Structure formats: structure tokens, C-alpha cells
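Presented below is the structure to which this report refers.
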Amino acid sequence: MEYVASKETIAKRIARIFKDGDVVNLGIGLPTLVGNYVPEGVTIVLQSENGFLGLGPAPAPGAEDPALVNAGGGFVTIQPGGAFFDSAMSFAIIRGGHVDATVLGVLEVDQQGNLANYKIPGKLVPGMGGAMDLTVGAKLVVAATEHFDKSGASKLLRTCKLPLTAANQVDFVCTDVGFFEVRNGTFVLKEYFKPYTVEYILEKTDADIVVDKDCREVEIS
Amino acid sequence: MVAKPIVTADEAVELIREGDTVMVGGFLGCGSPPGLIDALEKRGTRNLTLVCNDTAFHNFKTGVCTHVAKLVAKKQFRKIVVSHIGTNQETQRQMNEGETEVVLVPQGTLAERIRAAGAGLGGVLTPTGVGTEVQDGKQVVELDGRKYLLEKALPGDVALLRAKKADKAGNLIFDKAARNFNPLIAMACRTVIVEADEIVEIGRLDPEIVVTPSVLVHYLVRAKK
């Protein structure tokens, strides 16, 4: 079976996690895509850690406002009912448990729920930004990642080797081959995505995986 | 209410001395005071410590260098305390080559340490960073079964803010997401300088909507249109 990386699959599946009214913070990059696939009938409130609630889509060309950007510096809009605040309030909202879920990108994630996504010593040191606060503060931490890196190595590991962004904070990992829960020091496979199989996932993933009793095949479309 | 001096950007940055800790508002430059940064670059004051959310943008390939990145490029900082440097290749280069000390602080911790300094607190207890490299060298306090890091207050010497509107007393409001760290650094520094897009008479700002109260502000600078 050939692996075909698909950010779209990951974003689509994660978008189904949310309940109507959830307050959600999406990381920059792949996690941002999740906002495009929230099912009809579900309204989520996006928190932007640079200081507002009610993050909306990119403005029409010509309507960009340099004072209205997301945490990646991209032009955005604010929804009716949104609110601006300073960085201390922003992180009080995050750390104080007022954010229902956060979706974050991954360099490595392990079966203990450890996440590494902010540093490759000597090579890439962007800094943690708001990621460490988000992982300890959000009620649900979802790690979003392609299942393999460019060299074909599993991004799901037994133990992270890189410096951690968060210790034991990840609740779910969604890749482009399946959906996993982190439970009692192991990955629990909840869903495998067509055309991949349980056998394929168990063989190719460099971590302990328990297959959930209700594990099922899901077609993400 | 007493009016605060309205000075030029060049006059304002004369208040910054070699070795000072300078806090600059802004998030990837959104909410940074452009005139004050340009004046500080022109004056060339060195050996400073920067406290800011990030060091804005510096891309070697495109040559784009914005906001506080201009001061980084001129090597005006001996130490940089920020949450993120991923958009500034020069900060990364200076860090990797040991030219400048870079301290990376989780964003919420940075905000709260600055706020604590301005609120008369010695520090804060935060769960952020427990079990990571951020914990190294810090006291861990366990309260009711949860672990917290003792993060010390972070005061500064001079704060450089950008506001949308100020009254002459120094009451401030900000512009959308350009608020970010500006109200916090106004609390934490002995000298607070605000570059405002508009300066109005005392009494023209509704007290209900003032974000930063005037007593925290010392000098006003008119932003160039």
C-alpha cells in the first residue's frame, strides 16, 4: 500500500470533533485548515492568541487591515460578537480553561501524550510562542500531523527525542491514516481511514498501539 | 488631569540609555511603534535588552526587515527576551553564533511576568512549561496536587507603545489586534512612551472605553500619517 500524505484528510476529520459553541484555538499551518471544514450546523468560536475571539476568514482583496491579523501575521477578519483584548487576557482565557480545544502541529508526538513542536536543537529554533500555554490550558489538545515525515519515518513515537512543548497533555492525534486517542501510555486506534488498514498502521508506526474495541474504517470525504 | 509632554520620536528615544531593558509592544510588528523604532535605530543606542513578543520579520532571501527586526539587525541588543523568533532569520543567526543572548519564554508566561512586574507582584505560579526545558533552573511549587513553575516578575526601564488614540493626559485606546502586549508593558517600565495615531484633548476619550489609564503613561509622540 502506498502512503499519500493528505493535510485535507487530517483537517476534515479534526473538524468533526467540535460541538456547537466550542471555543477553539487553531495553530498556524496545518491546524489552520481545520477551520475550513467545520460541519454545517456547528458554529465554533475561534480564539486568536494575539488578542481576540471571533476570528473570521481572510478579508476580500483590498479590505485588508494591518491591525487585524492572526497569530501568524496573516490578514483576517473578526466575526460579529467578537472581542479584542490584551495578551494577558488572551492567555488567561487559554490557561484558565476557557478554551475547549486546541489543534497544534507536530514535530514528534509520543504515546505518553508528549508533544514536541517548537525546537530542533542546532537546526530550527523558532520558539514556543503560545503553544506551551495552549497545551496546558485547553480542555482538549489535538495533535494534527501527517503520519510520516518526508523520509518516511513515523511521527508517532514511543518517546519523543526532541525537547518537549508539553508533557502528557495530548488527548488525540489525528493523522492522514487514522485517528488515535492517547490513553494510559499508549495510542488507541479509534478509526482507520480508507484505503489504509489496521495491519498497515500497526506495522508502519513506531509506537505501541492498542486497537479500540469499537475501531472502525472511516472514509474521509 | 495633568497633560503629558508631547515630544518628537527623536527626543523620546534620548530617554533610553545604554544597557536599558526596553519593552516594545507588538505581535509580529502589529502594534509596534514605527516612528520610535526608526528613531532608536537612527540614534544607535546599544547594549540594550529587548522584551517583546517576538522580533518581527527578517528574511535574508527577500531582504524584508520590519519593526524591531531593524534594531536586531543593527546589533543594538545584547539580550533578547521573546516567545518566538521563527520569522526572524537574523535573530536565529545571532543566537546560533552566540552573538546575542536569546531567552525564549512561553507567550502567556511572558505576558504574565510583565503584568506581575507592573502589578507589584514578585512573580506568578504557572503550570505552563512543567516537564519541559522551560522548567530548568526554576522552583517547582506543588499546590493541591498540581505542579507550577515559579516565574519571576519581569520589569523594564523604558516601554515603547503604539496606540490608536491618546488624550493629552495619556489615557489610551488601541486598534484591534494591535493591542496585544502594549497595555502590559505600560505597567512594567519606569518610563512609558506612546506613539499615538491621534492625540485628542483631555475629556474627549470616554472613561468607560479607556484601556490604559493615564497614570501609566509619561510621554506622547505623534505618529507620522
Side-chain angles (χ1 to χ4, degrees), chain A residues 28 48-52 55 65-78 82-97 112-116 118-119 121-137 160 162-169, chain B residues 25-31 53-57 66 82-88 91-92 95-96 102-112 114-116 118-119 126-135 147 162 164 174-187 197 211-212:
Chain A
I28 298 303
S48 195
E49 70 262 27
N50 55 323
F52 57 108
L55 173 71
D65 180 343
L68 191 42
V69 295
N70 63 17
F75 293 116
V76 293
T77 51
I78 185 163
F84 295 109
F85 32 77
D86 67 43
S87 296
M89 174 60 85
S90 184
F91 282 88
I93 288 169
I94 288 167
R95 232 189 292 96
Q112 310 295 326
N114 295 319
L115 173 70
Y118 87 103
K119 188 176 182 183
K123 204 170 157 195
L124 176 77
V125 188
M128 68 292 280
M132 285 192 175
D133 299 282
L134 281 162
T135 48
V136 300
C160 288
L162 294 171
L164 298 184
T165 307
N168 314 113
Q169 298 292 338
Chain B
F27 193 117
L28 294 174
C30 174
N53 179 62
D54 54 74
T55 50
F57 295 96
T66 69
V82 289
S83 76
H84 194 264
I85 59 171
T87 54
N88 189 322
T91 311
Q92 295 182 38
M95 180 178 72
N96 290 337
V102 176
V103 181
L104 293 167
V105 181
Q107 204 166 105
T109 300
L110 184 63
E112 212 56 36
I114 295 168
R115 200 194 66 81
T126 176
T128 302
V130 169
T132 75
E133 287 183 351
V134 169
Q135 183 178 316
K147 284 181 180 159
R162 179 172 195 178
K164 180 183 184 184
F174 300 91
D175 191 9
K176 306 182 190 77
R179 186 181 307 190
N180 53 66
F181 278 76
N182 281 299
L184 305 174
I185 63 173
M187 300 171 71
D197 292 347
V211 175
T212 292

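This one's a predicted model, so the numbers in the text were calculated from it and none came from an experiment. Chain letters run A, B, ... following the sequence lines, proteins first and then strands; every chain starts at 1.
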Which of the residues A:Ala67, A:Ala166, A:Ser90 is involved in the greatest number of heavy-atom pairs with chain B at under 4.5 angstrom? A:Ala67
Can you give me the closest heavy-atom contact between B:Cys30 and A:Pro66, atom names plus distance? SG-O, 3.5 Å
Residue selection (most heavy-atom pairs with chain A, distance under 4.5 Å) from B:Asn180, B:Val105, B:Val102: B:Asn180
Check ion pair B:Arg179-A:Asp86 (N to O, under 4.0 angstrom): no
Heaviest contributor of heavy-atom pairs below 4.5 Å to chain A, chosen from B:Gln92, B:Met95, B:His84, B:Lys176, is B:Lys176
Would you mind checking which part of A:Asn114 comes under 4.5 Å of any heavy atom in chain B, side chain (CB onward), backbone (N, CA, C, O), both or neither? neither
Keeping the roles fixed (side chain from A:Asn50, backbone from B:Ala177), state whether a donor-acceptor pair exists under 3.5 Å. no
Could you tell me which portion of B:Ile85 (side chain, backbone, both or neither) has an atom closer than 4.5 angstrom to a non-hydrogen atom of chain A? both
What are the two closest non-hydrogen atoms of A:Val136 and B:Pro127, and how far apart are they? CG1-O, 3.8 Å
Of the listed A:Gly51, A:Ala167, A:Gly127, A:Gly129, the one with the largest count of heavy-atom pairs under 4.5 Å with chain B is A:Gly129
Distance, nearest 0.5 Å, that separates CG of B:Leu28 from OG1 of B:Thr66: 8.0 Å
Passing option when B:Thr91 is tested against B:Val82, B:Thr55, B:Asn96 for side-chain contact (heavy atoms from CB on, under 4.5 Å): B:Thr55
For the candidates B:Gly131, B:Ala111, B:Pro106, B:Ala178, which exhibits the highest count of non-hydrogen atom pairs separated by less than 4.5 Å from chain A? B:Pro106
Could you have a look at A:Asp65, A:Val76, A:Thr135 and say which one has the most heavy-atom pairs with chain B under 4.5 angstrom? A:Asp65
Residue A:Glu49 versus chain B: region with a heavy atom under 4.5 Å: both
Side chain to side chain donor-acceptor pair (under 3.5 Å) involving B:Arg162 - partner list, sequence neighbours excluded: B:Asp197
Between B:Thr132 and A:Thr165, is there a donor-acceptor pair closer than 3.5 Å when you use the side chain of the first and the backbone of the second? no
One option among B:Glu112, B:Gln107, B:Glu133 has the most heavy-atom pairs under 4.5 Å with chain A, and it is B:Gln107
Counting only N and O atoms by type, is there a donor-acceptor contact under 3.5 Å from the side chain of A:Asn168 to the main-chain atoms of A:Gln112? yes
Select one option (side chain, backbone, both, neither) describing which atoms of A:Ser48 are under 4.5 Å from chain B's heavy atoms. neither
Please classify the contact of B:Thr109 with chain A as side chain, backbone, both or neither, using a heavy-atom distance under 4.5 Å. both
Can you tell which part of A:Ala71 gets under 4.5 Å to a heavy atom of chain B, answering side chain, backbone, both or neither? both
